[in-house]
Student: 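Encoded as structure tokens, here's the structure I'll be asking about.
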2 protein chains.
Amino acid sequence: MVTIETKQHPAWDVYKATCPTRQVLDCIADKWAVLVIGLLNGGTRRFGEMRKSIEGVSQKMLTQTLRSLERDGIVSRRVYASVPPKVEYTLTPLGQSLAGIVESLRVWSESNIEVVLASQQTYDARPEAE
Amino acid sequence: MVTIETKQHPAWDVYKATCPTRQVLDCIADKWAVLVIGLLNGGTRRFGEMRKSIEGVSQKMLTQTLRSLERDGIVSRRVYASVPPKVEYTLTPLGQSLAGIVESLRVWSESNIEVVLASQQTYDARPEAE
DNA sequence: TTATATAGGTACCCAATGGTGACCATTGAG
DNA sequence: CTCAATGGTCACCATTGGGTACCTATATAA
């Protein structure tokens, strides 16, 4: 039996410290990124819209998150040369392929929050908890 | 037509700043948490094992991540009163329900890294990039 | 003419986070 | 007697995250 290795990717392994996948995971396994991608999964959004929708994001963090996602090819940014400025963000096809996963993360959180909250209470009530 | 609202959860919405789901997302949408959950999906692991498997985690961060996941009921911790100590970590059923999602995040990273790297190169090569 | 709101971005500053290394407890082995 | 082993904590420091104030340019209102 012959193992056919048709241009197998060079054994990417996110558990290796220097693997570039680690950086990508770092970027998408992020609170704000998850919320941003989830939002954009509903369609193109303007910056200000997103700022309002995602309660608690500062302008800076939103910008930063979007830049990072843009760099990774997950969202695309479209600037209209108007005054005041108008900037639209959209998921790229790559981003769309990620959106489902990220959305299921969000859904999991919303579905299992009761269990989690109960567990937290039990944990915090342990005698050795301060 | 009657809308039957059989104890519908009180409209959890992770986009609200104060929604408890936000904290949960904060905890699981985390680089180290994803790696930890992925590892434990392969079965029970000892602390030292995980420390070696996940390159680059400091002892402190691993402890912290595991505590946080334990508090949320995602992993369980078992201490053996031996010398030297032996501590095992396992995914709870709740954790197992999350593992699939988290694993697909990791798989996505490893599958799409080439596209992402290419996108990063294009982005960094823009004239306006410093 | 001047003031103001707009919408997105950035420079600067501070607080929180994460990493490092020392230290601890306990016991069997050398 | 000393050291290795294992998981954990603590104090310290560098790095980062995150907030605030400011900037831009124009259309509109006063």
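In what follows, chains carry the letters A, B, and so on, assigned in the order in which the sequence lines appear, proteins first and then strands, with residues in each chain numbered from 1.
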Student: Within the distance-only criterion (no hydrogens, no angle test), does the side chain of A:Ser119 pair as donor or acceptor with the backbone N or O of A:Val115 below 3.5 angstrom?
Tutor: no
Student: Does the distance from a Lys or Arg side-chain N to an Asp or Glu carboxylate O, for B:Glu55 and A:Lys16, drop under 4.0 Å?
Tutor: yes
Student: In whole angstrom, what separates B:Arg78's CZ from D:dT6's C1'?
Tutor: 18 Å
Student: Below 4.0 angstrom, which residues in residues 26-56 of chain A have at least one non-hydrogen atom near DNA chain C?
Tutor: A:Arg46, A:Phe47, A:Gly48
Student: Hydrophobic clusters here meaning ILVMFWY residues chained together by side-chain heavy-atom distances under 4.5 Å, can you tell me if A:Tyr80 and A:Val75 are in one?
Tutor: no
Student: Which nucleotide sits closest to the side chain of B:Val83: D:dT26, C:dG18, C:dT26?
Tutor: C:dT26
Student: Would you mind reading off the distance between A:Glu88 atom CD and C:dG9 atom P, rounded to a whole angstrom?
Tutor: 12 Å
Student: Quick one: which of D:dG17, D:dT6, C:dG8 gets closest to the side chain of A:Gln64?
Tutor: D:dG17
Student: Nearest to the side chain of A:Pro85, heavy atoms from C-beta on, is which of C:dA7, D:dT9, C:dT10?
Tutor: C:dA7
Student: Expressed as a whole number of angstroms, how long is the span from A:Lys86:NZ to C:dT6:C1'?
Tutor: 14 Å
Student: Among D:dA11, C:dA7, C:dG8, which nucleotide sits nearest the side chain of A:Gln59?
Tutor: C:dG8
Student: For the pair B:Leu35 and B:Met50, evaluate side chain to side chain contact (heavy atoms under 4.5 Å, CB included) and give the outcome as yes or no after the intermediate values.
Tutor: CA-CA 10 Å; B:Leu35 293 173; B:Met50 307 185 69; over 6 Å; no
Student: Rounding to 10°, can you tell me the angle the first-five-pair axis of the helix from C:dT1-D:dA30 to C:dG30-D:dC1 makes with its last-five-pair axis?
Tutor: 30°
Student: Remember a base hit wins even if backbone is also touched, and classify B:Tyr80 as base, sugar-phosphate or nothing at under 4.0 Å, heavy atoms.
Tutor: nothing
Student: Ignoring hydrogens and geometry, is there a side-chain-to-backbone donor-acceptor pair from A:Asp30 to A:Trp32 under 3.5 Å?
Tutor: yes
Student: I'd like to know if the side chain of B:Ser76 and the backbone of B:Thr92 have a donor-acceptor N/O pair within less than 3.5 Å.
Tutor: no
Student: Can a side chain N or O of A:Ser58 be found less than 4.0 Å away from OP1 or OP2 on D:dG19?
Tutor: yes
Student: For A:Arg77 and C:dA7, what is the distance between atoms CZ and P respectively, to the nearest whole Å?
Tutor: 16 Å
Student: What's the closest nucleotide to the A:Pro84 side chain, out of C:dG8, D:dT9, C:dT6?
Tutor: C:dT6
Student: Taking only the side-chain heavy atoms of B:Arg67 (C-beta and beyond), determine which of C:dG9, C:dT26, D:dT9 contains the nearest atom.
Tutor: D:dT9
Student: Answer yes or no: is there a donor N or O on one side and an acceptor on the other, between the side chain of B:Arg51 and the main chain of B:Val57, under 3.5 Å?
Tutor: yes
Student: Donor-acceptor pair, A:Thr65 side chain versus A:Met61 backbone, under 3.5 Å?
Tutor: yes
Student: Output yes when a side-chain donor or acceptor of A:Glu110 lies under 3.5 Å from a complementary backbone atom of B:Val14, and no otherwise.
Tutor: yes
Student: Would you indicate which nucleotide in C:dA7, D:dT9, D:dG17 comes nearest to any side-chain atom of A:Met61?
Tutor: D:dG17
